[in-house]
Amino acid sequence: MSDPLDALEKSISSLRRAIRDASAAGDTERAGELRAQLRRAERAWDALIDADEPAATPARLEPTAVPAAQGAQLPAREHVHRALMLLGTPAAPKLIVGVHEAFFPGELSASKLSSLRRDEERSYRSSPGARPYYLCMALAHDLLTPVRALVTISTWALEQRIIGPLSPRVDFLTGAVHIAKAVHNSAQSTADGPSPAALRLLWRFAVNIPDALPRSAPGHEGALDPQQVIDAAEAELEVHADADRAVRTEAARRARKSLGDDQQLFGAPLQGVTRLRTARA
Amino acid sequence: MKTDTDATPAAAAAAATDAILTDMADGSHRALVVDSPPGAGKSTLVVRAAQELTAGGERPIIVAQTNSQVDDLIERLAAAHPDTAIGRLSATDYVATPALGALTNTTVGRALGDLSGCRIIVGTAAKWATVRDGTFGWAILDESYQMRSDMLLQVVERFDRGLFVGDPGQLDPFTIVGTERWIGLPHDPTQNGVTVMLEHNRGIPVHRLPVSWRLPTSAAPTISQAFYPFTGFTAGTSEGTRALEFNTTAFGNTDLDETLAMAFATGWALHELPRRHVPRTDTETIQTAANLAGRLLDRGALATCERHQNGRPLGAGDIAIGVAHRDQADLVRAALTRTGNPNAPGVAVDTANRLQGREYEVVIVIHPLSGRRDATAFHLEAGRLCVLTSRHRQACIVVAREGIADLLDSHPSTDPVHLSVRAKFPDGWEANHVMLAKLALHRVAA
Amino acid sequence: MKAPVDDRLDALRGSAKRLDYSARSLAALENNPRCTLRALLDASGSDKAAIAAHAGHPSPFGQSAFALARGNVFETMVKDNGCAELLRLLRETLQLTLPEVGYEDLNDIGGDGRAEVRHDRTKQVLLQAARGNGGGTLFDHPMLCLPVGGHKAFLEPDLVAFRIGGRFHVVEIKSFPIIDGQADPTQVRAATTQACAYIIALRNLLARVGIDKQAVSDTIVLVAPKDFTNRPTAAFVDARKQVAALSRQLARIERIGDLVDLLPEGLTFDLGLDKDKRARRPAEELAEALDQVPATYRPDCLNHCEMAFYCRSRARADSSLDVLGPAVREQFGGIDTTTMVLGLAQGRLTPTQDQVEMAAALRHAARLRAELNVLGGAE
Amino acid sequence: MSMLSALAHVQATESMQAVPLTAFRHRRLSSRPLVIIPLVMAGEAGAPLAAMVGSARRKGTLLVVAQPRNRDQRFAFAASLGRTVIDYIDSFRQGRRGGGGHSRYPDTPQILVPNHGGIKALADLGRMCRFRSTSGPHAVPDVVPEFGMWLTFLVDRAEQAGTSMLLPVTGILAEHWATGQSTLEDQNLASLMAWIAPPAGLSVEQAMADAENPDVCPPAGPATSPEFDNRDLAPAIKRFDTARTLGDLRALAAAESDLRELIAGQIQPTWRMTWEAIALLRSVPEAPRTIKRFERDCAAFTSYSDYRDSGGLPQRKRDTAIGAAQRLGWLERALAEFESDMAFDDPFVLADRRSAGEAFAGTVVEAEPSRTVTTASNRRVPRPRVTIRTQDPVRLAADTKLLSPSMPSGHKAVIVSVLPDGDATLVTVEVTGGMGRARVPARGSVPVPDQRIAYLPDPGWRPAPQFPGSDRTPWTHSATAGETGADPAAPEDAAAEEWGNED
């Protein structure tokens, strides 16, 4: 019964049968209810048939007009770049969007980001170095293959773009420090202070860092102290930093030796685990 | 607890008692818990502890769960301390048993005021719950694992410190109300009082009586393994101390005789009826259990033990038949009258709930899972089987229809799983398997 | 001479692709373990849903897209930003120390998502951790493998956490809420049983290199939304009983041969799929084949088993008391059908010796009900 | 279950129609119940999707949450449902009777939901609403916490046996009728109705099949069918979200009305069927003692109503030690009394108990009407003895206290002996109460030979358990470390609320 058309056809026939029974019994209320269901099922069936035709008409419900931009009309890659520069660490699209919404004007959606990444690689390969920076990949410390879903900037040092076992946590804490600083700055520099979205973002970081929240205050964004978040994050960073740096440095050295320029940006090709085993041995 | 590994049972038990009394005298603990496996001398301990407290100038109260438990305790106390005035706090409709009525140092009172001269006051938890004032230094709570937490809450204001004594392997208290509202709370009112008290008080010493004086050597290891997997115990008597002999030779050589012979020789027997799904009131099963008792009385038996080294003839009062449901008990009683043995109606018949804390020479059990199609949580409950198979001093005979192994196989334990609640052990499923494996070695096909 | 068990199981399945056991289907073993039909269909890797549908009783086990989406979104959220939320929870529940943050992503290995590849890598990193030479603490979607009935079943826990100096803990991330410390017991049970499959598989993996099963805790960590928020919270679930129960059920699968031996020669549940994956075998013929295998229907099956609607219709056709459920069934001891119950109750059938007693009770009950209906107690 | 009820299910199977299990309806049906059909979104923690609510079949109001994941929309929904329910409840807070501390409202609200899942959905909604703050950053309308507290009160009360302020219709139906299907299937309103009153022109078989076909009978909730979710609901919600993001008001209105229509199609059949079930239940006579339990409902309603008026705090998340023990006591008592009431009122239920040996009925074969005894206080009182011959398998022991539905109220007796007599049983009882104050029993107060009489055990009066005061939890039930006893009135950690729309 995996075929939705089959399922619909079955629904339609059982509804027809039920309508016939209800009408025969003179139960108009019930028959009316069932007729509405039938109409809906038939519409769904029509839609499916249309969709199956090779020259499908464009779905009517797609937005017809692009919404008017409410902020700066920068290209998306600029938005991403700005957000990443603020964070200072490789980041997943969701976090990039979060940072963007917290600190910058303009629209940026996560779905746009994934197409962006493909474009960047294509653009680099067609004319390397034509742009001042490229959005590129983070690399796994052992295989030097691209890491799922993390975006970085080509101008960063390779060490910054390598992901070892401790790096996700280190990057999270580093990001927290940078966000806290940005919140602190906007508190100092702007009249309205940090945006609610910025406070919320910082709060989401702070709740997951030991001692980053004021001890007594109930969990509330307003009660946040950016300096406390910075201190707490740095205290934990202290614990991981050396070990993480060692792994990253070693991997970066290896990458520089064995990978071409493009591979250093977009990752080594996959060669299965055999290679991995030797790399880990 | 420090006990020498090679100490005699008596020495181990004495050491355990000493440790308990020392902790009690020390006074630094608000409560003490004594876990007592079947027949480990719980009542003896209660009597002893009451004596120690009285000697130390205390006026302890004793909280038991049923009227018969109260009567038993008073008889023992009165016998052990003929010079101590003992009070029995009772409901208005309580009628003293003849044995109790004959005691000279015992007063029966409806209110605390009636018992002002008594050094030890004993009553049921339900009666204590009606007492509104007065606080005593110490309470001894007997069978406290059978006391629900909400009952403890009603009596706890009557004492400063408590000695909680009970058997953790027996049936848990229950409620007819099916609600999950309190699951996971440390003060779940449907839990037993000991568990709740321990949840709220850290560092309470939990002692364990290490020796069962009731169970024979044939039974102690199995019961210990099945129902007390983490805290074992040993039999107090040694091999050969207990024995059963027939007064007559088998004149029929029926399967009943075969089963009795197995039980007499090994301490266990599984009398297995043909496989069939039956209602729990199945006449064949019930009559068989009654007939086994009748046959035993017909043939007459001599029981030898540490108390009667030259043997003592078994009477109807030495035998009990244990069942899971009350209607089964009624039917077994009726079946006993049909056995033809005039003494058979004197055999005690009761459900597991009511057999808790009682002791017999020979116990005949109708297996809770016998003839069933499915194994519900009720029928799988470890405590139920534990009570039924740990009442005997000499032998235990289990009557069941074939097929329990398959039943267990197809009904893995299906208890609901809750967050942050420790799984209850022993698991009824597992315990049933251990018992069944043991019984399989003593099987007599009927 | 009979064919080997595996060949016979393959013949039962016929031309369809073998469906391997998953954590879900393994967890389902604890429901109605005695059902022969279910055991055979599972062991042969048959597609129960397709078979039931073709036999005219499609199973209604669709899953709502909302539930799926919610599950995925929640798991992602818990693992976002270097498992920030998860680390907080594990630091609270497992007392993970500050340095224990090492993260191994086992969702794919350098972009390669094949089960075997991921399993190899999983084995490698988990064994390193167990032996104390790896820095890993959080293992994201490790790929475990458990041989079940001679076939590999790949199992993928949401996360395995390793506490240094301690033990492996299976972490299950579920999107049903924990409200005031309580969650729906049915859902908790299902999650627990699945986690048990992971525990067993993990122990199996370690056992092969001689590491004791104690290295894997039988307490699982359940991570779920707290109350009505999106914030995750964690709770322990004591899975000791379920681990024991599932181990026993797995041992049973090894005895499938006994069941296979009882089947008629040439029996198959083949759907006769054509190249468009449409079933061509006549439905009656399939139903006939199914009818030859005993099934143990219980109303509860409707919640679990794809075959349940088929089995219920079979039970109804047989006038079986199973249709009414165990509570009703229990009252009638060894009697199997409604026809027999009524026959005895009305005195139309003569009881066999086994049934005498039941017949008397039934007649008493029938007399009472008749008395009441005469009184006209209810219109 | 007794054999008698089991037999009823077999009879239903054989005759292919539901058969009565009781003579009466043991639940009060209000003349003006409020029906609520709650729907929730799959996979989401208590996310309401819609509700149909109203106190008459023709007056149903449909409330829809277009995007259930949106926090503001959820609480807007809770507020509008809350207003309807609170208005309904308020309409019963009048005409108070009696004086002083004992005055009470003469009637109570009654909310009916289709099934047990409906109660769970209301419980979740109540829990979600009652702690909400009406000020601060995540403020909700005043009615929301008020609604939450009332819902919680009703849900808590529904846990108590025999109460009628919140009931699932399937539950009332299954109490009265036995079907030829299992308890599990009986929880499906359409399946249950298929046995009791199949739609006109349909056989029970066809109605049963339809009941399980979500196309013909959409599920009665609270969850909607996965097919509906995937095929209809998900795209409709998506259209709504798109229109909202784009700020296209026309598209938004269209999407919203489409969603309403869609959900109406799912909820309407259940609404209709629920009212049909209610009409059917009205035709069953109400058991006499229902009124006694209803009066307790009135008292509980009045007292909670006063508590609300005095600005009482919301119910705690979990019971305290003393609260839990108290509640357990109430629940156990209510259940014992309800079971006894039903057996007393209803010959069917009595017969159930009789077949299990827990009650008996028979004919008086011997009477000693003038027997007297001297009490401890030296008074002569009548203690007539009567022997009853019964075919029932009596399993009551001597000294059991008895009540009789066949004697004038106040009649009390106690079993003296139970003796077998061939295939029957002779039960001798001593009449202990209900004979009046005179030396000679009042006329008709002692059973006479050849009279048919039934007896059942008296649940008896039990003193209400007395627990320590709620501020004095004893050491056995409270941690010495000092509990984190959160103030039940404290609004929930507001910042922990991150609802967020999905991308």
Side-chain angles (χ1 to χ4, degrees), chain B residues 30-31 91-93 126 129-132 141 144 148-162 164 175-191 193-204 279 281 325-331 333-334 337-338, chain D residues 2-3 6 120 123 155-156 159-161 316-336 338-339 355-358 376 393-397 399 401 414 418-420 425 462-469 472-483:
Chain B
R30 198 118 206 219
T92 37
D93 55 358
T130 65
V131 178
R132 286 279 80 85
L141 299 107
S144 51
R148 240 169 42 181
S149 147
D150 59 336
M151 181 54 92
L152 174 61
L153 198 51
Q154 292 177 66
V155 301
V156 62
E157 288 187 310
R158 299 285 77 80
F159 56 87
D160 295 327
R161 290 162 202 280
F164 292 75
T175 172
I176 46 169
V177 174
T179 174
E180 290 175 341
R181 172 183 276 279
W182 301 298
I183 286 167
L185 289 179
H187 52 257
D188 181 344
T190 62
Q191 290 271 342
V194 182
T195 305
V196 169
M197 185 274 292
L198 287 175
E199 280 284 332
H200 291 101
N201 294 274
R202 284 178 201 288
I204 297 290
T281 53
H325 296 278
R326 279 179 44 212
D327 51 359
Q328 292 176 319
D330 295 329
L331 291 167
R333 285 189 201 105
T337 61
R338 291 192 295 266
Chain D
S2 70
M3 173 170 281
K120 175 80 175 78
V155 170
D156 284 353
E159 241 181 80
Q160 202 155 318
R316 291 174 170 276
K317 289 178 182 171
R318 304 289 300 266
D319 288 344
T320 60
I322 290 167
Q326 240 152 10
R327 191 194 298 274
L328 177 58
W330 298 329
L331 293 178
E332 286 187 329
R333 225 174 144 83
L335 184 58
F338 184 45
E339 285 182 345
S355 76
E358 294 165 2
V394 187
R395 295 202 181 99
L396 297 171
D399 293 332
K401 293 176 181 145
V414 61
V418 180
L419 296 168
T425 305
R462 271 191 297 172
Q466 297 285 316
F467 298 105
R472 289 187 296 132
T473 310
W475 59 277
T476 47
H477 287 68
S478 67
T480 37
E483 268 177 292

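So that the names make sense, note that chain A is the first sequence line, chain B the second, and so on, each numbered from 1.
Minimum heavy-atom separation, A325(D) to P189(B): CA-CB, 3.9 Å.
Taken from CD in E358(D) to CG in D327(B), the straight-line distance is 8.5 Å, to the nearest 0.5 Å. To the nearest 0.5 angstrom, R30(B) atom CZ is 8.5 Å from T476(D) atom OG1. Atom NE2 in H187(B) sits 9.5 Å away from atom CD1 in I322(D) (nearest 0.5 Å). Distance CD/E157(B) to CD/Q466(D): 10.5 Å, rounded to 0.5 Å.
The side chain to side chain contact (heavy atoms under 4.5 Å, CB included) check on E159(D) picks up T179(B), R181(B), L331(D), with sequence neighbours excluded. Every residue two or more places apart in sequence or in another chain that forms a side chain to side chain contact (heavy atoms under 4.5 Å, CB included) with E180(B) is listed here: I183(B), H418(B), P185(C).
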Exercise for review: List the steps and the verdict of side chain to side chain contact (heavy atoms under 4.5 Å, CB included) for L328(D) and R148(B).
Suggested key: CA-CA 11 Å; L328(D) 177 58; R148(B) 240 169 42 181; 3.3 Å; yes
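Side-chain contact between L331(B) and R395(D): present, with at least one pair of heavy atoms (C-beta onward) separated by less than 4.5 Å.
Residue D399(D): no heavy atom, backbone or side chain, is found under 4.5 Å from chain B. For chain D, the nearby parts of S149(B) are the backbone and the side chain; heavy atoms of each come within less than 4.5 Å. Of the two parts of T190(B), the backbone and the side chain both hold a non-hydrogen atom closer than 4.5 Å to a non-hydrogen atom of chain D. Neither the backbone nor the side chain of I204(B) comes within contact range of chain D; no heavy atom of the residue lies under 4.5 Å from a heavy atom of that chain.
Of the residues considered (P468(D), P393(D), P474(D)), P468(D) shows the highest number of contacts with chain B, using heavy-atom pairs under 4.5 Å. Per-residue counts of heavy-atom pairs under 4.5 Å with chain D were compared for M151(B), R132(B), M197(B), Q154(B); the largest is that of Q154(B). Counting heavy-atom pairs closer than 4.5 Å to chain D, the top-ranked of the candidates I176(B), T175(B), V196(B), L185(B) is L185(B). When the candidates R318(D), Q326(D), R472(D) are compared by the number of heavy-atom contacts under 4.5 Å with chain B, R318(D) comes out ahead. Contacts with chain D were tallied for T337(B), L152(B), T130(B), V177(B); V177(B) has the most, counting heavy-atom pairs under 4.5 Å.
Side chains of N201(B) and W475(D): a donor-acceptor N/O pair is absent below 3.5 angstrom, by distance only.
The neighbour count for R326(B) CZ, taken as heavy atoms of other residues, nucleotides or ligands under 6.0 Å away, does not exceed 12.
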